[in-house]
Amino acid sequence: MSGPRTLRPRLALMYREIAKFGAVGGAGVVVNIGVFNLLRNSTDLQTVRASIVATLVSIAFNYLGFRYFTYRDRDKAGRARELSLFLLFSAIGLVIENGVLYAATYGFGWDSPLQSNFFKFTGIAVATLFRFWSYRTWVFRALPGREAVEQAESFLTGATRADTKAGTSAGSDQKKRKNAGANRR
């Protein structure tokens, strides 16, 4: 049953996951904002293009952090699937993040360095909510809990025993029929 005894460990795991996600994400934000400002100040890239490049760099950084730190205990089977989903959801996050910056820059004309950094950060915050949900739900899926594994094993063991008993009784019924047929002759 799901009572206070099972809720407390689940919340503790969720808090740890959020803390690890936040640590990797925080480092990714530093990389993202750092690369964005470096590109914006040292190249002729337009604001949103510099932001897209910075977001791509932080996506690569974040994948390594999430795979090998935050979600290292999660299912590692199907890395191609995992990476494909990570890139898909990261691309959606990129659109969300840079859509906010695009609207501020080209929709409202807010393009000063302070305004660009503010809306870049705001876009990152909105996209982070989406990314957290999608990564934990679809990309880095949890391995089944011990209770689920034990329940499945007991179910399979019970089914195997039932099949064996049914097979034995079916086999003995066939032997009885053969013997009865041999006695008739």
### With sequence neighbours excluded, residues passing side chain to side chain contact (heavy atoms under 4.5 Å, CB included) with V57
V31, V35

### Summary
Sorted by chain and residue number, the ring-ring contact (aromatic ring centres under 6.0 Å, His included) partners of F132 (sequence neighbours excluded) come out as F21

### Query
Looking only at heavy atoms, what is the nearest atom pair of S116 and F36, with distance?
CB-CZ, 4.0 Å

### Task
Output the distance between atom CG (N62) and atom OG (S90), rounded to the nearest 0.5 Å.
7.5 Å

### Query
Can you list the residues that meet the side chain to side chain donor-acceptor pair (under 3.5 Å) rule with T128, with sequence neighbours excluded?
none

### Task
To the nearest 0.5 angstrom, please state how far the CG atom of L129 sits from the CD1 atom of I124.
12.5 Å

### Task
Any chance you could measure S51, atom OG, to F119, atom CZ, to the nearest 0.5 Å?
13.0 Å

## Note on the structure
Applying side chain to side chain donor-acceptor pair (under 3.5 Å) to S42 and not counting sequence neighbours gives none

### Task
For L11, enumerate each residue passing the side chain to side chain contact (heavy atoms under 4.5 Å, CB included) test, keeping only those at least two apart in sequence or located in another chain.
L7, Y15

## Note on the structure
Contacts of W133 meeting side chain to side chain contact (heavy atoms under 4.5 Å, CB included) (sequence neighbours excluded), chain-then-number -> F130, T137, W138

### Message
Let me confirm one number: the CD1-CD1 distance from I59 to I52, rounded to the nearest 0.5 Å.
### Response
10.5 Å

### Message
Is there a continuous path of hydrophobic side-chain contacts, each under 4.5 Å between heavy atoms, that joins I96 to V139?
### Response
yes

### Task
List the steps, then state whether side chain to side chain contact (heavy atoms under 4.5 Å, CB included) holds for R72 with K20.
CA-CA 11 Å; R72 70 175 174 245; K20 287 180 177 183; 4.0 Å; yes

### Message
Determine whether a donor-acceptor pair (N or O, by modelled atom type, separation under 3.5 Å) exists between the side chain of R67 and the backbone of Y71.
### Response
yes

### Message
Hydrophobic clusters here meaning ILVMFWY residues chained together by side-chain heavy-atom distances under 4.5 Å, can you tell me if L38 and L114 are in one?
### Response
no

#### Entry: Donor + acceptor pair across side chains of T70, Y135 (<3.5 Å)
no

### Query
Can you get from V100 to L56 by hopping between Ile, Leu, Val, Met, Phe, Trp and Tyr side chains that sit under 4.5 Å apart?
yes

### Message
If I take atom OG from residue S134 and atom CD1 from residue I92, how far apart are they, to the nearest 0.5 angstrom?
### Response
7.5 Å

### Query
Given the rule that I, L, V, M, F, W and Y join up when any side-chain heavy atoms are under 4.5 Å apart, are L85 and F66 in one cluster?
yes

### Separation of F121 CZ from I33 CD1 (nearest 0.5 Å)
7.0 Å

### Message
Among residues at least two apart in sequence or on other chains, which ones pass side chain to side chain contact (heavy atoms under 4.5 Å, CB included) with F118?
### Response
T122

### Heavy-atom closest pair, residues F69 and A23
CE2-CB, 4.5 Å

## Note on the structure
For V48 and N98, the nearest pair of non-hydrogen atoms, with its separation, is O-OD1, 4.3 Å

#### Entry: Residues forming a ring-ring contact (aromatic ring centres under 6.0 Å, His included) with Y106, sequence neighbours excluded
Y102

## Note on the structure
Residue pairs meeting salt bridge (charged side-chain N to carboxylate O under 4.0 Å, His left out), one or both in residues 25-53, sequence neighbours left out, come to R40-D111

### Task
Enumerate the residue pairs fulfilling ring pair (Phe, Tyr, Trp, His ring centres under 6.0 Å) with a member in residues 37-63, sequence neighbours excluded, ordered by first and then second residue.
Y63-F86

### Message
For Q46, give me all partners under side chain to side chain donor-acceptor pair (under 3.5 Å), at least two apart in sequence or on another chain.
### Response
none

### Query
Side-chain contact, heavy-atom cut-off 4.5 Å: R16 with L13?
yes

### Message
Considering only residues two or more places apart or on different chains, which pairs with a residue in residues 26-38 satisfy side-chain hydrogen bond (donor to acceptor under 3.5 Å, both in side chains)?
### Response
N32-S58, N32-E97, N32-K120, N37-N117

